[in-house]
Trainee: 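Have a look at the structure that comes next, please.
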Amino acid sequence: MIPISKPLIGEEERRAVLEVLDSGMLVQGPRVAQLEEAWAAACGTKYAIATSNGTTALHTALLAHGVGPGDEVITSPFTFIASVNSIIYTGATPVFVDILPCCFNINPDLIEAAITPRTKAIMAVHLFGYPCRMEPIVALARKHGLVVIEDAAQAIGAEYAGKRVGSFGTGCFSLYATKNVMSGEGGMITTNDAEVARKCRMLRAHGMERRYHHEVLGYNYRMTDLQAAIGLAQLMRLDEFVARRRANAAYFNAHIRNPGVVKPNAGCACSDCASARHVWHQYTVRVLNGGRDAAVEKLAQHGVGTGIFYPIPAHRQKHIVDMGYGDYRLPAAEQAAREVMSLPVHPSLSEEDLRTIVDAVNAL
Ligand SMILES: *Cc1c(COP(=O)(O)O)cnc(C)c1O
């Protein structure tokens, strides 16, 4: 079976981990500092702060901006639940705005109607590695005095209008094992704001700047040097990884010819998408006419693994409904949840794998 994702682990990663083990310094140390510097450089930001995972990056970033009880945070219902849970952890209320059918990201044209006097932040999720339409989002945030948080967990290296994601607001990344650049578990926050960076550093280490002087309620959200060593080896190969994902996606775009399968960004009329550069964390198609679940089974019979990201939109998840946050009708997100299917697009696919995937999709 061709897996939906596969981490590329080479000699560099092995050597880097052994070096840390041999150093005897396993906790947050020089490797974390190096990874932070390299990550900031990769995103074009002044600062990067490593955390234990993408969820704690989001939680820390929200807290650093003062998001808390009584606040509302606008986000997409079509995302991994961590985006939404991180808002709930702060005591704030998630407010869902429907998505664009072409790219599955939040629809900027619908955001303003959801802004209330309680709105504190907009969390833009760059889903599947495709950047949100940041120009209208940043303009709305300026107009209403809102914070912009980017959930860029799937999108390291993606660009919009010539700028890397994570540099438009406060960026949050994940280095979970299936992400484009991974460390097993890991997270990163990017910002150009020195005060936000300082608060994030405090929050991830029990609220202390001076040892055992705790100024605010913080957490243990630190990354270890073992993880950072893997992440560094991976980040050095970012351009290569992205180039391979782009080549794989270009192959699918050129060769998938099945009228029942809608390719990514098909029919997109957004004026600014020409400036967007995808990093293809997922290559996600829509299967029309209620055929999605049968397609998943048929592809599996042909040895092609698939993923459904995501089968239930956030506003329909049980815990969100139970908390009373789910009273929405968001037709574009609901339709996407019924139709989406992601194909393997990761860098370790062979030419034969690509042909197998295309043939199987065209035969659906
Ligand atoms: C992976 C992911 C996260 C959370 O990252 P973890 O490292 O798994 O905690 C958050 N948001 C999105 C969109 C993700 O894909």
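Residues take their numbers from the sequence shown, with the count starting at 1. Counting starts at 1 for both ligands and their atoms, following the listed order. All figures in this text were calculated on a predicted structure; none of them were measured in a lab.
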Trainee: Quick check for students: name every N or O atom pair between ligand 1 and the protein closer than 3.5 Å, with distances.
Mentor:
residue: ligand 1; atom: 5 (O); partner: Ser174; partner atom: OG; Å: 3.3
residue: ligand 1; atom: 7 (O); partner: Gly54; partner atom: N; Å: 2.8
residue: ligand 1; atom: 7 (O); partner: Ser174; partner atom: OG; Å: 2.7
residue: ligand 1; atom: 9 (O); partner: Asn53; partner atom: OD1; Å: 3.4
residue: ligand 1; atom: 9 (O); partner: Gly54; partner atom: N; Å: 3.3
residue: ligand 1; atom: 9 (O); partner: Thr55; partner atom: N; Å: 2.9
residue: ligand 1; atom: 9 (O); partner: Thr55; partner atom: OG1; Å: 2.5
residue: ligand 1; atom: 11 (N); partner: Asp151; partner atom: OD1; Å: 3.3
residue: ligand 1; atom: 11 (N); partner: Asp151; partner atom: OD2; Å: 2.7
residue: ligand 1; atom: 15 (O); partner: Gln154; partner atom: NE2; Å: 2.8
residue: ligand 1; atom: 15 (O); partner: Lys179; partner atom: NZ; Å: 3.1

Trainee: Scan residues 282-301 for pairs that pass salt bridge (Lys or Arg N to Asp or Glu O under 4.0 Å), counting only residues two or more places apart or in two chains.
Mentor: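 Every pair satisfying salt bridge (Lys or Arg N to Asp or Glu O under 4.0 Å) with a residue in residues 282-301: Arg286-Glu339.
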Trainee: Centre of Phe173's six-membered ring, under 6.0 Å away, within 45 degrees of the axis: is that where NZ or CZ of Lys179 sits?
Mentor: no
Trainee: Could you verify whether a donor N or O on one side chain and an acceptor N or O on the other, from Thr356 and Asp353, lie under 3.5 Å apart?
Mentor: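 Note: Thr356 and Asp353 side chains miss the donor-acceptor criterion.
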Trainee: If a pair satisfies ring-ring contact (aromatic ring centres under 6.0 Å, His included) and one of its residues is in residues 314-353, list it, with sequence neighbours excluded.
Mentor: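 For residues 314-353, and leaving out neighbouring residues, the ring-ring contact (aromatic ring centres under 6.0 Å, His included) pairs sorted by first residue read Phe96-Tyr328.
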Trainee: Any non-hydrogen side-chain atom of Val279 less than 4.5 Å from a side-chain atom of Arg245?
Mentor: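 With C-beta onward as the side chain, the pair stays apart.
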Trainee: Just distance, no hydrogens or angles: give the donor-acceptor pairs under 3.5 Å from side chains in residues 39-51, sequence neighbours left out.
Mentor:
residue: Thr45; atom: OG1; partner: Tyr47; partner atom: O; Å: 3.1
residue: Thr51; atom: OG1; partner: Asn53; partner atom: O; Å: 3.0
residue: Thr51; atom: OG1; partner: Ala57; partner atom: N; Å: 3.4

